[in-house]
J.: 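Mind having a look at this structure? Questions to follow.
Treat the numbers as computed from the prediction; the structure is a model and nothing was measured.
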Amino acid sequence: MLSATVTFNVIMRDYSKSMAAAAAEPAAARETEYFLANISKVKTPGDLISNSRLYAYVLKSFGLSDMAFAKALIRKILEEGIASPRSLANTLNDPRYKALATVFNFAAAGAETTGSLSLQKAVVDNYIEQTLEANAGKQNEGARMALYFRRMAPKITSAYGILADRTLLKVAQTALGLSPSMSLQPVDTQARMITKQLKIADLHDSAKLQKFIERFTAVYDSKISGTAASPANPAIFAVLPGIGPDLLLSLAKLKLGGA
């Protein structure tokens, strides 16, 4: 199995090509086609929630598939929008909810919301990113986490946003050397533990974010997955769409110090 570092770097070497390959997968292409053909028919939050296929597509797009059961919560978030600082999307620490309400801003655009081409593109792009991340996770869970953190980083405004998301928190704990047992502490104490070692503003700087992710994958490989010195396995090449075996093997050799 390839390490998290190698898997992440392979995908990021030509990210647009990796995205295109993920979009072309039959299941993803089929669901995207349905979404684009039907989303403009949705005029209210209720319309979206009542169409199980569109609802599932949208929630996956925003990484909220695990919250599909919470229809009342999702509906309230969509109905309130983001204009008021007291709206539910703005008061929840998890940045995924605000991202959803920002794109599907029914409170501001009403029935015209879903007809927006920019909305449709944003949702589809998010969905394909989720698909790509899932593919990476089949090869190495650390790579999936790194990709997810990279995608979510621009939306993180405080340590509480990290604490509210299990994957973001695990990445931060791994990179910063914080024990998972910190979760037993009061949430304000946990936030201080994170900000003591990490400037949230650094996550909005592409170069500093890259350094942080490199730190995470290195620690993940050495301390968690134990795959840093593992040889490449040709059987898994298909998991990374659009990536050739020659490139993977070359990167694996580089990771092993030219072995």
Side-chain angles (χ1 to χ4, degrees), residues 19 22-23 25 27-28 30-32 34-36 38-84 86-109 113-114 116 118-138 141 143-172 187 203:
M19 282 281 286
E25 291 185 1
R30 182 171 59 250
E31 293 308 306
T32 296
Y34 179 85
F35 171 79
L36 291 174
N38 293 279
I39 190 60
S40 61
K41 301 173 186 176
V42 169
K43 303 302 180 183
T44 67
D47 290 344
L48 177 60
I49 293 170
S50 65
N51 185 316
S52 60
R53 197 168 172 183
L54 289 177
Y55 181 61
Y57 190 97
V58 169
L59 289 194
K60 178 178 178 178
S61 175
F62 289 89
L64 289 166
S65 293
D66 60 335
M67 296 302 294
F69 69 92
K71 292 184 178 180
L73 172 70
I74 299 299
R75 182 168 187 155
K76 185 174 177 62
I77 288 170
L78 293 174
E79 289 176 343
E80 291 185 356
I82 57 172
S84 171
R86 295 184 179 181
S87 67
L88 188 56
N90 286 325
T91 57
L92 293 171
N93 285 320
D94 191 329
R96 295 176 299 173
Y97 295 109
K98 185 172 182 179
L100 172 65
T102 299
V103 174
F104 283 89
N105 198 349
F106 287 100
T113 299
T114 59
S116 165
S118 61
L119 174 147
Q120 295 174 19
K121 182 179 185 305
V123 175
V124 170
D125 286 349
N126 285 351
Y127 185 90
I128 300 307
E129 282 189 308
Q130 294 279 349
T131 301
L132 178 59
E133 290 167 18
N135 289 341
K138 294 174 184 176
E141 178 63 10
R144 183 197 69 79
M145 294 165 63
L147 289 167
Y148 178 80
F149 195 95
R150 173 185 174 274
R151 176 166 58 83
M152 296 297 293
K155 305 179 182 72
I156 299 172
T157 58
S158 72
Y160 296 99
I162 294 176
L163 291 170
D165 185 299
R166 286 174 294 185
T167 299
L168 297 181
L169 177 58
K170 189 171 182 179
V171 170
V187 67
L203 300 180

J.: Can you name the side chain to side chain donor-acceptor pair (under 3.5 Å) partners of T167, sequence neighbours left out?
T.: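 Checked T167 against side chain to side chain donor-acceptor pair (under 3.5 Å); zero matches.
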J.: Within a strict 4.5 Å, meaning less than it, do heavy atoms of the K98 and L92 side chains meet?
T.: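 SC-SC contact between K98 and L92 ruled out.
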J.: With heavy-atom distances below 4.5 Å as the criterion, would you say the side chains of V42 and F104 are in contact?
T.: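 Side chain of V42 against side chain of F104, heavy atoms only: no contact under 4.5 Å found.
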J.: Working to the nearest 0.5 Å, report the span between CG of L100 and CD1 of I82.
T.: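 Separation between the atoms: 10.5 Å.
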J.: State, yes or no, whether a side-chain contact exists between F62 and T102 at a heavy-atom distance under 4.5 Å.
T.: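 They are not in contact (no side-chain heavy atoms under 4.5 Å apart), so the answer is no.
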J.: For T113 and F106, which heavy atoms make the closest approach, and how far apart are they?
T.: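 Shortest heavy-atom separation between T113 and F106 comes out as OG1-CA, 3.4 Å.
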J.: Might you point out which heavy atoms bring T91 and R86 nearest each other, and give the distance in Å?
T.: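 T91 and R86 have their closest heavy atoms at CG2-O, 3.7 Å.
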J.: Has T114 got a side-chain atom pairing as donor or acceptor with I39's backbone, closer than 3.5 angstrom?
T.: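 Yes: the side chain of T114 pairs with the backbone of I39.
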J.: Roughly how far, to the nearest 0.5 Å, is the CD atom of Q130 from the CZ atom of R144?
T.: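 Going from the CZ atom of R144 to the CD atom of Q130 covers 9.0 Å.
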J.: Does the side chain to side chain contact (heavy atoms under 4.5 Å, CB included) test come out yes or no for L203 and M152, once each step is laid out?
T.: CA-CA 9 Å; L203 300 180; M152 296 297 293; over 6 Å; no
J.: Holding to side chain to side chain contact (heavy atoms under 4.5 Å, CB included), I want the full list of residues that pass it with S116, two or more places apart in sequence or in another chain.
T.: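 S116 satisfies side chain to side chain contact (heavy atoms under 4.5 Å, CB included) with S118, L119 only.
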J.: Quick one: list whatever passes side chain to side chain contact (heavy atoms under 4.5 Å, CB included) with A164, sequence neighbours left out.
T.: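 In terms of side chain to side chain contact (heavy atoms under 4.5 Å, CB included), with neighbours along the sequence ignored, A164 is linked to N93, D94.
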J.: Can you name the side chain to side chain contact (heavy atoms under 4.5 Å, CB included) partners of S61, sequence neighbours left out?
T.: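 S61 satisfies side chain to side chain contact (heavy atoms under 4.5 Å, CB included) with V123, N126, Y127 only.
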J.: What's the shortest heavy-atom distance between A28 and I128, and which atoms?
T.: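 Closest heavy-atom pair between A28 and I128: CB-CD1, 4.4 Å.
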J.: Not counting sequence neighbours, which residues clear side chain to side chain donor-acceptor pair (under 3.5 Å) with Y57? List them please.
T.: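 Y57 satisfies side chain to side chain donor-acceptor pair (under 3.5 Å) with T32 only.
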J.: Could you list the residues that satisfy side chain to side chain contact (heavy atoms under 4.5 Å, CB included) with D125, not counting sequence neighbours?
T.: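 Listed in chain order: K121.
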J.: Would you mind listing every salt bridge (charged side-chain N to carboxylate O under 4.0 Å, His left out) that reaches into residues 145-162, with sequence neighbours excluded?
T.: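 Residue pairs with at least one partner in residues 145-162: E133-R151.
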J.: Which atom names give the shortest non-hydrogen contact between G161 and P95, and what distance separates them?
T.: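 So the minimum-distance heavy-atom pair works out to O-CD, 4.0 Å.
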J.: Atom OH of Y55 and atom CD1 of I49: how far apart are they, to the nearest 0.5 Å?
T.: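 So the gap between those two atoms works out to 5.5 Å.
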J.: Can I get a per-line list of side-chain donor-acceptor pairs under 3.5 Å for residues 68-81, giving both atom names and the distance, sequence neighbours left out?
T.:
from : atom 1 : to  : atom 2 : distance (Å)
R75  : NE     : E79 : OE2    : 3.0
K76  : NZ     : E80 : OE2    : 2.7
E80  : OE1    : L88 : N      : 2.7

J.: Excluding sequence neighbours, so at least two apart, what forms salt bridge (Lys or Arg N to Asp or Glu O under 4.0 Å) with R166?
T.: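 Per chain and number, R166 pairs via salt bridge (Lys or Arg N to Asp or Glu O under 4.0 Å) with D66.
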J.: Mind checking side chain to side chain donor-acceptor pair (under 3.5 Å) for Y160 and listing every partner two or more places apart, or none if nothing turns up?
T.: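 Partners of Y160 by the side chain to side chain donor-acceptor pair (under 3.5 Å) criterion, ordered by chain and then number, come out as D188.
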J.: Please, which pairs that meet salt bridge (charged side-chain N to carboxylate O under 4.0 Å, His left out) have at least one residue in residues 40-56, sequence neighbours excluded?
T.: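 For residues 40-56, and leaving out neighbouring residues, the salt bridge (charged side-chain N to carboxylate O under 4.0 Å, His left out) pairs sorted by first residue read E31-R53.
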J.: Where is the tightest heavy-atom contact between L48 and V58, given as atom of each residue plus distance?
T.: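 Residues L48 and V58, closest heavy atoms: CD1-CG2, 3.9 Å.
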